[in-house]
Amino acid sequence: MIGFGDDLGQSAGAGARATPGNLDMFRLPEDRITLTGLEVFAHHGVFDFERERGQRFLIDAELAVDVSAAADGIERTVHYGELAEAIVAAVKRDPVDLIETVAERVAELSLGFPGVFAARITVHKPDAPIDATFADVSVTVVRYGDGGRGSAAIGVGR
């Protein structure tokens, strides 16, 4: 089974917590919808100047879905154009201190799309105020849901 890299790669199923003791109850679909490098200008950061000036954030979203259900109908899968618009709006709103919080926000939003069983979200902050030469700073979260079956998302920080 292909999971989300080195993490669990499985969910505990509807209503259960994703703990090692529950891993055999439910397998994630191996199908993925991936949106990479979505650029959003927003005002997140610990420092006042970050909030005032704003900066670029790049968002990667990888969603575990079952694409066999799509049957060539956009209404039966995650519309990645709508996903991108929703992510942009979520990242732009309500400035917060930490990109960890932004990642949690995007994960929760992503799990709200019908058919999404898990979301791996990476928030990149390439212009972070670091007094050193660096290529990128990022935070990645992996959160599990129920694929839109009606119970609360698993593992979403609230």
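The basis for the numbers below is simple: all heavy atoms, side chains too, and nothing from hydrogens, waters or symmetry mates. Just so it is clear, the structure is predicted and the values come from calculations on it, not from any experiment.
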message: Tell me the closest heavy-atom pair linking Arg76 and Ala71, and the distance in Å.
response: NH1-CB, 3.6 Å
task: Would you check if Val139 and Thr122 make a side-chain contact, meaning some heavy-atom pair closer than 4.5 Å?
output: no
field: Min side-chain heavy-atom separation Glu104-Arg143 under 4.5 Å
entry: yes
message: With a 4.5 Å cut-off on side-chain heavy atoms, are Val40 and Lys92 touching?
response: yes
message: Quick one, Tyr144 and Leu28 - any side-chain contact, counting heavy atoms below 4.5 Å?
response: yes
query: Could you walk me through whether Arg120 and Asp60 pass the salt bridge (charged side-chain N to carboxylate O under 4.0 Å, His left out) check?
result: CA-CA 8 Å; Arg120 173 192 293 277; Asp60 300 333; over 6 Å; no
message: Any side-chain to backbone donor/acceptor pair from His44 onto Asp97? Under 3.5 Å, distance only.
response: no
task: First locate atom CD of Glu82, then atom CZ of Phe113, and finally report the distance between them rounded to the nearest 0.5 Å.
output: 6.5 Å
message: Check whether Arg32 reaches the backbone of Val65 with its side chain - one donor and one acceptor, N or O, closer than 3.5 Å.
response: no
query: Any Lys/Arg nitrogen of Arg105 or Glu100 sitting under 4.0 Å from an Asp/Glu carboxylate oxygen of the other?
result: no
statement: Between Ala90 and Leu109 the two heavy atoms that sit nearest each other are CB-CD2, 4.4 Å
message: Is there a path of hydrophobic side-chain contacts, each under 4.5 Å between heavy atoms of I/L/V/M/F/W/Y residues, joining Ile121 to Leu58?
response: no
- prompt: Taking the side chain from Asp31 and the backbone from Val67, do they hold a donor-acceptor pair closer than 3.5 Å?
  reply: yes
- prompt: Do you know the tightest heavy-atom contact between Pro114 and Val78?
  reply: O-CG2, 3.9 Å
message: Could you check whether any side-chain N or O of His124 sits under 3.5 Å from a backbone N or O of Pro126, counting only pairs where one atom can act as donor and the other as acceptor?
response: no
- request: Look only at the side chain of Glu50 and the backbone of Phe47, and say whether a donor-acceptor pair between them is shorter than 3.5 Å.
  value: yes
message: Side chains of Thr34 and Leu63, heavy atoms from C-beta outward: is any pair under 4.5 Å?
response: no
- prompt: How far apart are the closest heavy atoms of Ala64 and Pro29, and which atoms are they?
  reply: CB-O, 4.0 Å
query: Distance from Leu83 atom CG to Ile59 atom CD1, nearest 0.5 Å?
result: 11.0 Å
query: Do the side chains of Asp146 and Phe117 get nearer than 4.5 Å, heavy atoms only?
result: no
- request: Take Val123 and Phe57 through the test side chain to side chain contact (heavy atoms under 4.5 Å, CB included) and record every step on the way to the result.
  value: CA-CA 7 Å; Val123 176; Phe57 296 88; 4.2 Å; yes
- line: Between the CZ atom in Phe41 and the CG atom in Asp127, the distance rounded to the nearest 0.5 Å is 9.0 Å
query: Closest heavy-atom contact between Val137 and Ala128?
result: CG2-CB, 4.2 Å
message: Are Val88 and Leu38 packed together at the side-chain level, in the sense that at least one heavy-atom pair is separated by less than 4.5 angstrom?
response: yes
